2 protein chains.
Amino acid sequence: MQRPFVHPAVEDVTLESVLYALADPTRLEIVKTLATGGCALNCSKAAPADLPKSTQSHHFQVLREAGLIRSERRGTEVVNSLRCAELDKRFPGVIASILKASDKSKKR
Amino acid sequence: MQRPFVHPAVEDVTLESVLYALADPTRLEIVKTLATGGCALNCSKAAPADLPKSTQSHHFQVLREAGLIRSERRGTEVVNSLRCAELDKRFPGVIASILKASDKSKKR
DNA sequence: TTCAGTAGTTCAAGATTATCGAACTATTGA
DNA sequence: TCAATAGTTCGATAATCTTGAACTACTGAA
């Protein structure tokens, strides 16, 4: 049996950790993919394909511990999903406005 | 004459740099102070008093280059103000929702 | 049940970035 | 002209990120 994932309770999620998690371009990309992808995706599909696995793993850990995503093991894979509803209740509009803005910000 | 401050044009501001700037607790604090302080404040008043000056200076530079604040020299001081309106036009709701959420997120 | 393959994790080290004291610059007011 | 004030720059140490290599867990053959 593998060590289970720990997810913070919504009320323990801090704005700071959320912003920190989203401030990294790779992680923002992952979150965008999860948001548009409809629902749950496994790690390899949600992360840029060229990113080393160890780095991917690290980013998913940051996102998970920040409270942005929920991860569940499905056999050998890990399926991730955005905690949209919960987060919007805690920080109304934050994630939504960021996701909306992220489409616009394609330069550089 | 001192080197003038460079501020990015609104359209050059990236969401990523904005989130990066706000992800730091000290900088978020500064932005909150500028937001609630009504209008312009000089550096020493907008930053936590116990923070070393060199670190303050660095944080203001990050905020400025991210496009979050506008800095102007007034004699020996530097007066900073939030670029609220411009930013809200570029990334609607982002700054506002973050500022609103930041009051809630007092734990830890 | 053993074994190969797949998906992800952990570890350690090199690369990057942040912090902060010390020295410096610009401006003001005596 | 000079001292005081407000910030900036520089350099070194500290903290963090990235990544290859080795490892673990699960699955589906054979």
Side-chain angles (χ1 to χ4, degrees), chain A residues 1-7 14 16-31 33-34 37 39-66 68-81 108, chain B residues 1-7 14 16-31 33-34 37 39-66 68-81 108:
Chain A
M1 189 51 176
Q2 207 157 324
R3 187 182 311 177
F5 292 126
V6 266
H7 298 91
T14 65
E16 197 181 285
S17 65
V18 167
L19 293 178
Y20 173 80
L22 292 176
D24 180 276
T26 304
R27 288 193 293 260
L28 183 58
E29 197 56 46
I30 291 174
V31 167
T33 305
L34 289 175
C39 49
L41 284 176
N42 64 358
C43 290
S44 356
K45 281 176 197 143
D50 54 331
L51 203 66
K53 290 202 302 175
S54 52
T55 309
Q56 282 183 32
S57 191
H58 166 68
H59 285 315
F60 280 102
Q61 186 184 9
V62 172
L63 288 169
R64 190 164 47 241
E65 291 177 351
L68 275 161
I69 64 170
R70 191 171 289 283
S71 307
E72 290 166 281
R73 296 190 197 281
R74 287 268 190 283
T76 153
E77 316 186 324
V78 174
V79 174
N80 300 284
S81 51
R108 193 141 320 172
Chain B
M1 189 51 176
Q2 207 157 325
R3 186 182 313 176
F5 291 125
V6 266
H7 298 91
T14 64
E16 197 181 286
S17 64
V18 167
L19 293 178
Y20 173 81
L22 292 176
D24 180 276
T26 304
R27 290 194 292 260
L28 183 58
E29 197 57 45
I30 292 174
V31 167
T33 305
L34 289 176
C39 48
L41 285 176
N42 65 359
C43 289
S44 357
K45 281 176 197 142
D50 55 330
L51 203 67
K53 290 203 301 177
S54 52
T55 309
Q56 282 183 31
S57 191
H58 166 69
H59 285 314
F60 280 102
Q61 187 184 7
V62 171
L63 288 169
R64 188 163 49 242
E65 291 178 351
L68 275 160
I69 64 171
R70 191 170 290 283
S71 307
E72 289 165 280
R73 296 189 197 281
R74 287 267 191 284
T76 153
E77 316 186 325
V78 174
V79 174
N80 300 285
S81 51
R108 191 144 321 175

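By convention in this document, chain letters (A, B, ...) are assigned in the order of the sequence lines, proteins followed by strands, and residues within each chain are numbered from 1. Since we're looking at a predicted model, the values are computed, not measured.
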Per atom distances to the F5(A) side chain, the nearest of dA7(C), dT8(D), dT9(C) is dT9(C)
Just to confirm, is there a sub-4.0 Å distance from OP1 or OP2 of dG7(D) to any side-chain nitrogen or oxygen of S57(B)?
-> no
By nearest-heavy-atom nucleotide on DNA chain C, the more 5' of S54(A) and P52(B) is S54(A)
Within the structure, does a side-chain N or O atom of H58(B) lie under 4.0 Å from either OP1 or OP2 of dT9(D)?
-> no
Select from R74(A) and R27(A) the residue whose nearest nucleotide in DNA chain D is closer to the 5' end of that strand.
-> R27(A)
Mind checking side-chain hydrogen bond (donor to acceptor under 3.5 Å, both in side chains) for Q61(B) and listing every partner two or more places apart, or none if nothing turns up?
-> E65(B)
Taking atom C1' of dA4(D) as reference, at what distance in whole Å does atom CD of E77(B) sit?
-> 13 Å
Using whole Å, report how far CG of N80(A) lies from P of dG8(C).
-> 8 Å
What pairs with T26(B) under side chain to side chain contact (heavy atoms under 4.5 Å, CB included), at least two apart in sequence or on another chain?
-> D24(B), I30(B), P48(B), L51(B), H59(B)
Would you mind reading off the distance between D24(B) atom CG and dC20(C) atom P, rounded to a whole angstrom?
-> 11 Å
Specify the separation, in whole Å, of atom CG of D50(B) and atom P of dG21(C).
-> 11 Å
Could I get the full list of side chain to side chain contact (heavy atoms under 4.5 Å, CB included) partners for P52(B), not counting sequence neighbours?
-> S54(B), T55(B)
Identified stems (criterion: three or more consecutive Watson-Crick or G-U pairs, under 3.5 Å), DNA chain D | C:1-30 with D:1-30
For S57(B), check side-chain hydrogen bond (donor to acceptor under 3.5 Å, both in side chains) against everything at least two apart and list the hits.
-> none
Just wondering, do N80(A) and F60(A) contact through their side chains at under 4.5 Å, heavy atoms?
-> yes
Set of side-chain hydrogen bond (donor to acceptor under 3.5 Å, both in side chains) partners for E29(A), sequence neighbours left out = none
Counting side-chain heavy atoms from C-beta on, which of dT8(D), dC20(C), dT9(C) comes nearest to R64(B)?
-> dT8(D)
Indicate whether OP1 or OP2 belonging to dC26(D) is found under 4.0 Å from a side-chain N or O atom of T76(A).
-> no
Between G75(A) and K53(A), name the one whose nearest nucleotide on DNA chain D is closer to the 5' end.
-> K53(A)
What is the minimum heavy-atom distance between L34(A) and A46(A), and which atoms define it?
-> CD2-CB, 3.9 Å
Between dT9(C) atom P and R73(A) atom CZ, what is the distance in whole Å?
-> 6 Å
Specify the separation, in whole Å, of atom CZ of F60(B) and atom P of dG7(D).
-> 8 Å
Using atom NE2 of H59(B) as one end and atom C1' of dG7(D) as the other, report the distance to the nearest whole Å.
-> 15 Å
Given atom CG of L51(B) and atom C1' of dT8(D), what is their separation to the nearest angstrom?
-> 15 Å
